[in-house]
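Chain A is the first sequence line, chain B the second, and so forth, proteins listed ahead of strands; every chain is numbered from 1.
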2 protein chains.
Amino acid sequence: MTYSSKDRFLIAVDCVIFGYSEGVLKLLLYKRDFEPEKGKWSLMGGFLSKKETLDMAAYRVLARITGLRNIYMEQLSTFSEIGRDVADRVISTAYYSLINLEEYDPAMLKKHGVEWFSIDELPELIFDHNEMVEKALRRLKRKAKSEPIGFELLPEKFTITQLRNLYEAIYQCKLDPGNFRRKIMSMNLLDRLPYKDMNSSKKGAYLYAFNKEKYEILSGNGFSFDLTGI
Amino acid sequence: MTYSSKDRFLIAVDCVIFGYSEGVLKLLLYKRDFEPEKGKWSLMGGFLSKKETLDMAAYRVLARITGLRNIYMEQLSTFSEIGRDVADRVISTAYYSLINLEEYDPAMLKKHGVEWFSIDELPELIFDHNEMVEKALRRLKRKAKSEPIGFELLPEKFTITQLRNLYEAIYQCKLDPGNFRRKIMSMNLLDRLPYKDMNSSKKGAYLYAFNKEKYEILSGNGFSFDLTGI
DNA sequence: CCAAAAGTGTTCACGCTACACCCATGC
DNA sequence: GCATGGGTGTAGCGTGAACACTTTTGG
């Protein structure tokens, strides 16, 4: 123990979990079932344990509450204000993740006391969790323009209109259907599947799938995903 | 102590300190004078103490080594790999900061065993510090296009050519002098001063100063600093 | 036939690029 | 006068924005 004279701290991870369905961007929140602040809404979190990295802890929390693995997740920022947790000094690293709601088992909701909230009807959260959410939203908005992370929120097969609706939900604005389609198609990242979705129109809309291999090859060649100016 | 059964950790901050002079982007590195890894180059860092936030700790480290306050600084990311510090389990939050080298007292160099290194001639650093530097560089490159942080690296008064040289050093490419000038001038963020710098040309080049008030007013009105496409 | 969403075409204006071209001055 | 960096002008091209238009099919 070389650094033995230094202070030691509790470290937590908190997860900002985004989902998307029916044209609405959502957040998974948790009704706290322990003190302090029992009964209030919060992000899902947990404490870091000695044998884990922060990423591992965040995945553990996420897997516990969603049952899912292989989820898009990224570290956001670390929060360390002295009074942020009322019970003890806790340093918390916030993560955000993107979930495909089709794969999410609704039975998990009751089991863990969690609920999906529309992003523009969020309740007040404990501690500095609202700040974490705002930061996550800003990050999502920025990243979704420069990397193809939006697809993480959609089912594997989707129509161009669904993809556009997702971006409309993220950026809270209408996008021109024709221009959006052209822009996304010009990147050559989507494979058109031999099926049509007949739910949304009489004509039917082709389903597409994001081709990650193509993206990685193109990325290596200097291409960058770019939806600035949508 | 509500969370008493949880593990506690040492927390450090490490500072990636950028400077700029004579057309070269530089990093301030420190020759470690204590074990472990004594004698190797590293980022400047320190441990978080109970009465501090991470930001405070980072400013403390920065002030100690530069004697400067009011420096641009931003949290980068938190590193938590289990073996990252060979002596003990340490979670480290990296910060990066931008320094105006004209204000930096060269006497500090010997006093603290630190040295400026050109960004493209960095030595090997201890632990995961090289990774921190890479991440900081990526962040700097991104941010310098969307926020006026480049000015933090220059003296208060500078010529447009100096500003362009700075961006050329950050992005490692040549920029068209005319186009760069027009682009930056069109934002109306610079005040032209009634002096000329006569060192670099016979004609002399006007000195300018970044007007932060203008920037903040414009920002509030939906304007955003944008040098994408330079 | 009509409504409604899918998908295509077309025009316009703006902004970046590239490069030519003056300006001022020390030598 | 000429070399040098400061600073301006401008033609051309590419792309986003706006919107008209065609396609398909269930009711």
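Here the range on DNA chain D touched by chain B, meaning any atom under 4.0 Å from one of its heavy atoms, is dT4(D) to dT10(D).
Among Phe151(A), Tyr208(A), Tyr206(A), the one residue that satisfies the ring pair (Phe, Tyr, Trp, His ring centres under 6.0 Å) test with Phe158(A) is Phe151(A).
Screening residues 161-190 of chain A for salt bridge (charged side-chain N to carboxylate O under 4.0 Å, His left out) gives Arg164(A)-Glu168(A), Glu168(A)-Lys174(A) as the qualifying pairs, with residues at least two apart or on separate chains. Sorted by first then second residue, the side chain to side chain donor-acceptor pair (under 3.5 Å) pairs that include residues 221-230 of chain B, not counting sequence neighbours, are Asp226(B)-Thr228(B). A side chain to side chain donor-acceptor pair (under 3.5 Å) check over residues 143-152 of chain A, counting only residues at least two apart or in different chains, returns the pairs Glu74(A)-Lys143(A), Lys143(A)-Glu147(A). Residue pairs meeting the side chain to side chain donor-acceptor pair (under 3.5 Å) criterion with at least one member in residues 100-122 of chain B, sequence neighbours excluded: Ser118(B)-Asp120(B).
Thr161(A) comes within contact range of the sugar-phosphate backbone alone, with a heavy-atom separation under 4.0 Å but no base atom that close.
Atom CG of Leu175(B) is separated from atom P of dA18(C) by 11 Å (rounded to the nearest Å). Distance, Ile160(A) CD1 to dT8(C) P: 10 Å, rounded to whole Å. Put simply, CZ on Phe180(A) is 17 Å from C1' on dT8(C), counting in whole angstrom units. Atom CG of Leu163(A) and atom P of dA6(C) are 12 Å apart (whole Å). Regarding Leu207(A), its CG atom lies at a distance of 11 Å from the P atom of dA6(C), rounded to whole Å. The CG-C1' distance, from Asp197(A) to dG7(C), rounds to 15 Å in whole Å. Straight-line distance from the CE atom of Met185(A) to the C1' atom of dA6(C): 12 Å, rounded to whole Å. Residue Ile184(A) contributes atom CD1, which lies 15 Å from atom P of dT8(C) at whole-angstrom precision.
Using a 4.0 Å cut-off on heavy atoms, the residues of residues 221-230 of chain A that approach DNA chain D are Gly229(A), listed by number.
Contacts of Tyr96(B) classified as ring-ring contact (aromatic ring centres under 6.0 Å, His included), with partners at least two apart in sequence or in another chain: none. Under the rule for a ring-ring contact (aromatic ring centres under 6.0 Å, His included), Tyr30(A) has no partner lying at least two apart in sequence or in another chain. Every residue was checked against the ring-ring contact (aromatic ring centres under 6.0 Å, His included) condition with Tyr215(A), not counting sequence neighbours, and none meets it. Residues satisfying the side-chain hydrogen bond (donor to acceptor under 3.5 Å, both in side chains) criterion with Asp191(A), sequence neighbours excluded, are Asn211(A), Lys214(A).
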Could you pull out every donor-acceptor pair under 3.5 Å between side chains of residues 12-26 of chain A and any protein atom, sequence neighbours left out?
residue  : atom : partner   : partner atom : Å
Asp14(A) : OD2  : Ser92(A)  : OG           : 2.6
Tyr20(A) : OH   : Leu166(A) : N            : 3.2
Ser21(A) : OG   : Lys26(A)  : NZ           : 3.1

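Under the 3.5 Å distance criterion, the side-chain polar atoms of Tyr59(B) are matched with a main-chain donor or acceptor of Ile71(B).
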- Message: Across nucleotides 19-27 of chain C, 5' to 3', mark each nucleotide with B, S or - according to how protein heavy atoms within less than 4.0 Å reach it.
- Response: B---BBBS-
